[in-house]
Amino acid sequence: MSTTTVRAVCPHDCPDTCALLVTVKDGVATEVKGDPDHPTTAGVLCTKVSRYTERTYHPDRLLHPMKRVGRKGEGKFERISWDEALGTIAARLKEIAARDPQAILPYSYAGTMGLVQGESMAARFLHKLGASLLDRTICATAGGTGYKYTIGARIGTDLEQFQNAKLILIWGGNPIASNLHFWTRAQEAKRRGAKLIAIDPYRSLTAEKCHQHIALLPGTDAALALGMMHVLIRDDLLDHDYIARHTLGFEQLKQRAEEWTPERVAGICGIAADEVEQLARLYGETAKRGEAVAIRTNYGLQRVHGGGMAVRNITCLPALVGAWRHAAGGVQLSSSDSFPRDFNALQRPELLPPGTRTINMSTIGDDLLREASADFGPRIEALIVYNSNPVAIAPQSAKVAQGFAREDLFTVVLEHFQTDTADYADIVLPATTQLEHVDAHSAYGHTYMMANNAAIAPLGEAKPNTEIFRLLAARMGFDDPCFKDSDDVIAASAFNGKDVRAIHFDWESLKRKGWQKLNLPDAPFAEGGFPTPSGKCEFFSERMQADGLDPLPSYIAPYESHATNPALAAKYPLAMISPPARNFLNSSFVNVQSLRHTEGEPHLDIHPDDAGARGIVAGDVVRIFNDRGSFVAKARVTDKARKGLVVGLSIWWKKLASDGKNANEVTSQRLTDMGGGPTFYDLLVQVERV
């Protein structure tokens, strides 16, 4: 019996991007563990990825190409050969492309975060084809845009420094469920005497373990940050030297912040004025003592109308108090832009015809139902879906399903399992999992370049995404040399080895070691040097002004709230959010039996006062509804949900829920203030007993 250990990487949409060690016995992966030598993973994996072999060898894995034989959405297929599958796809794409290739649309996101299996060969193929571009907005574009307007790039506090902070604000996230290795550092900081404060409408697992929880109303984070600015400036809890040398627009900001008294903010946020005062004073006074204050902000708070502005406002705070002077101070939203990734080499944008239209993935429900027009372009006639499950995860799900059900829409889905989306496919192609292919990874929660080695041979007839798109390119007659590149050749181009941050990146050595830290300063903005046009943290942003936005921090109210739409609130009086369930990752892992068993069934957390007013008791099946749709869940009566808020931990596959629906039945296709992001947490509903 031969036993080997293979270095790999967790591919899923999580900041931690863990280094894995895969034990392989006689060609079978028997165990997946965290690499104890990797400083951020430190040998620890989440409950999901520790069961990765259960996912890879799942009895429901798709192992052969299939074609639909039932109605769309019915999920009836028969096995076909790769030759028939590729021939069918190429024939339909050629027919459509002859009329207008922009009638073909890809739909993909972060089913893998890999730079090779994500958007390399797929992008090359789609660019050459002339297909419409997809604006991949579904997760983080609003916050990322606000962050970049303010400090220039998605760069922030290094994960490995947080344990040295004396105050950590965990703003809009639940890292126990979705950023475990940050939480490990935060706990260490707590043991060393740091104070942890959670800012979140819901008392999550993380909030329960912090010293304080500030339960503001959804969509009001921008106002709270403005209130903190007001107190910091009013009480002179500022680093005047840092402001003078490394910021732009302080005098204008000072005037704006003067309007945002704690009393005004408290009224908007649904909290006490004292909470605003005390939070700001603690933040400013801790920094004034020369101690590190850090903010870990996450993506939940930006999934509302003013989500981009909310992240921008929060991102201004560290510069006001000089928090960036410390390696453990500042803010982290994402570390993505720390990496010198070479997207031109990976994706070959020179293949793309000029003038190609772009479609926002967050409005796919409406767009699949749109007719051809001068401003929209051609009707969408074909979809190629990979690394995503839009029928489950896209907003206003009923419209998404209606679009996918069009008989005249040709849909190809690359998948591991027969998801909600795969049920609507005309052709399903079996894709490999992370244990079966090569990939290169950056991260958005740490600063290590990562290499994934194939641990086992592909199961059945599964193929890597790259190989599927190579084969399709050949069938379409695309003979550009780039379509012959192997996965190792593509991976070797993933990072710019001439960039000082990549410390002479070499793919072969990275494969052997598994990971390599970027060459970066411990404190990225201790002496300013922000990657903005001015080189400073921009409280006043000329770029925002040019883009038609308020150039100063401001507050943009939710689309749906008691304050902004009283008539709607009279019908649907409860705000709703649907953050990730601990045992799922977006819609991944929902079909892994052990994880679904732990999660149980779809639940709705509702405050005792709201439950009592509706005659609801714990365990009741309830219907959650608004004008867009409805779904059912089992009620959990708990004060974890603040009064006026209900919480449905997500995202369930619709077919695995009792009513065939999930929380996205009630979400909206409206977009954020900037970045074109979705507004998943900006909605009102009513709840009733079934």
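Nothing here was measured: the structure is a model prediction, and the numbers come from that model.
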* Asp221 and Trp171 side chains, donor-acceptor separation under 3.5 Å -> yes

* Look at Asp158 together with Lys517 and state whether they make a salt bridge at an N to O cut-off of under 4.0 Å. => yes

* To do: Report yes if the side chains of Val438 and Asn453 come closer than 4.5 Å at any heavy-atom pair, otherwise no.
  => no

* **Candidate pair Leu320 and Leu253, rule side chain to side chain contact (heavy atoms under 4.5 Å, CB included), full reasoning** => CA-CA 10 Å; Leu320 284 172; Leu253 176 67; 4.0 Å; yes

* Asked: Hey, is Arg245 close enough to Asp241 for a salt bridge, meaning N to O under 4.0 Å?
  -> yes

* Pairing of Asp239 and Lys288 as salt bridge, 4.0 angstrom limit -> no

* Hey, is the main chain of Gly445 close enough, under 3.5 Å, to the side chain of Ser335 for a donor-acceptor pair? -> yes

* Answer yes or no: does atom NZ of Lys536 have more than 12 heavy-atom neighbours from other residues, nucleotides or ligands under 6.0 Å? => yes

* Take the angle between the ring planes of Phe469 and Phe125 and call it parallel below 30°, perpendicular above 60°, tilted in between. => tilted

* Of all heavy-atom pairs between Tyr202 and Ala207, which one has the smallest distance, and what is that distance? -> O-CB, 4.2 Å

* Asked: So, Asn452 side chain and His437 main chain: donor-acceptor pair closer than 3.5 Å or not?
  -> yes

* Would you mind reporting whether Val116 and Thr466 have side-chain heavy atoms less than 4.5 Å apart? => yes

* Arg7 side chain vs Lys513 backbone, donor-acceptor pair below 3.5 Å -> yes

* **Polar contact flag, side-chain donor to acceptor under 3.5 angstrom, Thr137-Asn360** => yes

* Heavy-atom check, side chain of Thr532 versus side chain of Leu248, under 4.5 Å -> no

* Asked: Would a 4.5 Å heavy-atom cut-off, applied to side chains only, mark Cys10 and Leu45 as touching?
  -> no

* Hey, does the side chain of Asp439 reach the backbone of Gln117 with a donor-acceptor pair shorter than 3.5 angstrom? -> yes

* Check whether any side-chain heavy atom of Arg312 sits under 4.5 Å from a side-chain heavy atom of Tyr147, and report yes or no. => no

* Asked: Is a side-chain N or O of Thr157 found less than 3.5 angstrom from the main chain of Val331, in a donor-acceptor match?
  -> yes

* Asked: Are the side chain of Thr672 and the backbone N or O of Gly677 linked by a donor-acceptor pair below 3.5 Å?
  -> yes

* Asked: CG of Leu167 to CG of Leu282: how many Å apart, nearest 0.5 Å?
  -> 4.5 Å

* **Interatomic distance, Thr184 atom OG1 to Leu180 atom CG [nearest 0.5 angstrom]** => 5.0 Å

* Asked: Would a distance-only check, ignoring hydrogens and angles, find a side-chain to backbone donor-acceptor pair under 3.5 Å from Ser50 to Thr47?
  -> yes

* Asked: Do the ring centers of Phe339 and His441 come within less than 6.0 Å of each other?
  -> no

* Asked: So which heavy atom on Ser338 is nearest to which on Leu518, and how close?
  -> O-CD1, 3.4 Å

* Asked: Do Glu527 and Arg325 sit within salt-bridge range, that is, some charged N less than 4.0 Å from a carboxylate O?
  -> no

* Are there more than 12 heavy atoms of other residues, nucleotides or ligands under 6.0 Å from atom CD of Glu542? -> no

* Asked: So, Thr433 and Arg55: side-chain donor and acceptor under 3.5 Å apart, yes or no?
  -> no

* Structure fact -> Rounding to 0.5 Å, atoms CD (Gln347) and CG (Asp342) come to a distance of 10.0 Å

* Please tell me if the side chains of Glu436 and Thr56 come closer than 4.5 Å, counting only heavy atoms from C-beta onward. => yes

* Answer yes or no: is there a side-chain heavy-atom contact under 4.5 Å between Glu119 and Ser108? => yes

* Pick from Arg192, Arg185, Lys190: which one makes a salt bridge (charged side-chain N to carboxylate O under 4.0 Å, His left out) with Glu188? -> Arg192

* Distance-only, no hydrogens or angles: does the Asp499 side chain make a donor-acceptor pair with backbone N or O of Pro340 under 3.5 Å? -> no

* Structure fact -> Minimal heavy-atom distance between Ala189 and Ala165, with the atoms involved, is CB-O, 4.0 Å

* Any Lys/Arg nitrogen of Arg470 or Glu467 sitting under 4.0 Å from an Asp/Glu carboxylate oxygen of the other? -> yes

* Kindly compute the distance separating CD (Gln516) from CE (Met449), expressed to the nearest 0.5 Å. => 4.0 Å

* Where Val24 and Val6 come nearest, the two heavy atoms and their spacing -> CG2-CG2, 4.1 Å

* **Intermediate values then yes/no, side-chain hydrogen bond (donor to acceptor under 3.5 Å, both in side chains), Glu208 and Ser204** => CA-CA 6 Å; Glu208 288 189 320; Ser204 66; over 6 Å; no

* Tell me, do Pro201 and Leu216 make a side-chain contact under 4.5 Å, heavy atoms counted? -> yes

* Are the side chain of Asn174 and the backbone of Thr206 linked by a donor-acceptor contact shorter than 3.5 Å? -> yes

* Rounded to the nearest 0.5 Å, what's the gap from CG on Asn179 to CG on Asn298? Could you check? => 6.5 Å

* Asked: side chain to side chain contact (heavy atoms under 4.5 Å, CB included) between Asn465 and Asn387: does it pass, once the steps are laid out?
  -> CA-CA 9 Å; Asn465 287 351; Asn387 302 335; 3.1 Å; yes

* Stepwise, does the ring pair (Phe, Tyr, Trp, His ring centres under 6.0 Å) test hold for His446 with His38? -> CA-CA 11 Å; His446 62 68; His38 182 232; 5.4 Å; yes

* Parallel, tilted or perpendicular, as decided by the 30° and 60° cut-offs, for the rings of Trp507 and Phe505 -> tilted

* **The single option from Pro678, Cys139, Ser650, Ser388 passing side chain to side chain contact (heavy atoms under 4.5 Å, CB included) against Ile393** => Ser388

* Write down the atom of Leu317, the atom of Ala225, and the distance for their closest heavy-atom approach. => CD2-O, 4.0 Å

* Centroid-centroid distance, Phe525 to His246, less than 6.0 Å -> no

* Indicate yes or no for a side-chain donor-acceptor contact from Arg296 to the backbone of Leu333 under 3.5 Å, with no hydrogens or angles considered. => yes

* Donor-acceptor side-chain pairing of Asp547 and Tyr149 below 3.5 angstrom -> yes

* Inter-residue atom distance Leu133.CG - Leu352.CG, 0.5 Å rounding -> 5.0 Å

* Could you walk me through whether His12 and Tyr52 pass the ring pair (Phe, Tyr, Trp, His ring centres under 6.0 Å) check? -> CA-CA 11 Å; His12 291 286; Tyr52 207 80; 5.7 Å; yes

* Asked: Between Thr247 and Ala319, what is the shortest heavy-atom contact and its length?
  -> CG2-CB, 3.8 Å

* Asked: Any luck finding a side-chain donor-acceptor pair between Trp515 and Asp35 under 3.5 Å?
  -> yes

* Should the ring pair Trp324 and Phe530 be called parallel, tilted or perpendicular, given that the plane angle runs from 0 to 90° and is split at 30 and 60? -> perpendicular

* Trace of the side chain to side chain contact (heavy atoms under 4.5 Å, CB included) decision for Arg303 with Thr679 -> CA-CA 4 Å; Arg303 293 182 179 139; Thr679 55; over 6 Å; no

* Count the heavy atoms of every other residue, nucleotide or ligand shown that sit under 6.0 Å from NE2 of His504, and state whether that count exceeds 12. => no

